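Structure first, commentary second.
Fair warning: this is a prediction, and the values are worked out from it, not measured in the lab. Letters A, B, ... are given to chains in the order of the sequence lines, protein chains preceding strands, and every chain is numbered from 1.
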Amino acid sequence: MQGVIELEEGELDLHKTMQCGQTFSWQKVSGEPFFDESSSNEKYYTTVDGEVVILWKEGENLHYETSGDISRNIGSFFRLHEPLDEVLGDIQRDDIMEEAVEEHRGLRLVNDEFVPTLISYLCSPQMRIPRIKEMVDSITEKYGTEIEYDGTKYNQFPSLYELSDVSERELRRMGLGYRAKYVKSAIRHLIKGKVKEEELNEMGYKGAHEEIQKINGVGDKVADCVLLFSLGYLEAFPLDTWSWSAIEEHYPDHHHEDYHTTADNLRDYFGEYAGYAQQYLFHHMREQED
DNA sequence: GACCAGGTAGCAA
DNA sequence: TTGCTACATGGT
């Protein structure tokens, strides 16, 4: 299955969306290292419903190819149904955000699959972004079933069933460190159905943010990342180290020692698309660093 | 060798 | 509630 989604200029910067550190669920078709400043015209793939989804840009348009039918439409991977102009117009409430938006227009929020996103962010504490990607790739290669399509093999993130027998020791050997026990217990938790994606989808932001923290290793920040990048809770404002220092410096009136108070302040300030504001700010701060 | 990385759990006060 | 601290590993 192939097709083209016609886009206006600035509607989707695929490179930035992939490279800004929000997603660990996509890979390059070329097999080249994922994080690479220079490679701006790559083909990326992920897997959904046991099928491969390949995407690339030609001019402004987004081209896609899938190995078979999938339950999602292509635009949903980057929330293309949301009019970016309106979203960005809404969050540009000060000079900092004006600057971030002007600089990075076209950056989209991903809408990745729930389980891979949860496991990725369970690996994230005290880790650099490229290393998180390496860990997720290792898990994918070691436990996932490859999909062969059109003569090429594609890596697929393992199912919960495929992960059910993985031991904490194996995960540690793969470099996860103390995060191994988080991943192991999360897998058990999900298989037992103690936390269900469908329920998280229905209980609203506050409820879902609390509920998902029943998983060991999920705190306020990881919860917000999973809610934002895989469950579509756009009011989530993950407060990581970058965001904290940015808020402290640029939004002192909203800054507070307490996570919830600060995040609530920012939600009040930025509104329903606070998650977009967070991602633009996060990317902007990281870009300015180097 | 310190120091640090998209934090969290566990424990004391 | 709030305030420590340990936690694994690899890169600079």
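No contact: Phe24(A) has no heavy atom under 4.0 Å from any strand. Nucleic acid contact for Gly217(A): sugar-phosphate only, since backbone atoms but no base atoms lie under 4.0 Å from a heavy atom of the residue. The residue Glu257(A) sits apart from the nucleic acid: no heavy atom pair falls under 4.0 Å.
If you take atom P in dA6(C) and the same atom in dC3(B), they sit 14 Å apart, rounded to whole Å. Rounded to the nearest Å, the gap between the C1' atom of dG6(B) and that of dG3(C) is 23 Å. The same atom, P, is picked in dA8(C) and in dC11(B); the two are 15 Å apart, to the nearest Å.
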**Message:** Using a 4.0 Å heavy-atom cut-off to protein, can you give one letter per nucleotide of nucleotides 5-12 of chain C, 5' to 3': B if the base is in contact, S if only the sugar-phosphate is, - if neither?
**Reply:** --BBBBB-
**Request:** Could you please spell out the steps behind the ring pair (Phe, Tyr, Trp, His ring centres under 6.0 Å) verdict for Phe237(A) and Tyr269(A)?
**Result:** CA-CA 11 Å; Phe237(A) 199 109; Tyr269(A) 178 63; 9.8 Å; no
**Message:** For Met1(A) and Thr66(A): C-alpha separation, side-chain torsions, deciding distance, then whether side chain to side chain contact (heavy atoms under 4.5 Å, CB included) applies.
**Reply:** CA-CA 5 Å; Met1(A) 205 171 74; Thr66(A) 69; 3.2 Å; yes
**Asked** What's the verdict on salt bridge (charged side-chain N to carboxylate O under 4.0 Å, His left out) for Glu113(A) and Arg72(A), showing C-alpha distance, side-chain angles and the deciding distance?
**Response** CA-CA 11 Å; Glu113(A) 296 290 290; Arg72(A) 303 178 51 172; 2.9 Å; yes
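Salt-bridge formation is not detected for the pair Asp224(A)/Lys221(A): no Lys NZ or Arg NE/NH1/NH2 atom is positioned less than 4.0 Å from an Asp or Glu carboxylate oxygen. We find that Lys206(A) and Glu210(A) are not joined by a salt bridge, their nearest charged nitrogen and carboxylate oxygen being 4.0 Å or further apart.
Taking the centre of each ring, Phe270(A) and Tyr280(A) stay at or above the 6.0 Å mark.
When DNA chain B is scanned 5' to 3' for any atom under 4.0 Å from a heavy atom of chain A, the first and last hits are dC4(B) to dA9(B).
Across Leu239(A) and Leu266(A), no two heavy atoms sit closer than the pair CD2-CD1, 4.1 Å.
Here Val52(A) is tied into one hydrophobic group with Val29(A), Tyr45(A), Ile54(A), Trp56(A), Ile147(A), Tyr149(A), Tyr154(A), each link being a pair of ILVMFWY side chains closer than 4.5 Å.
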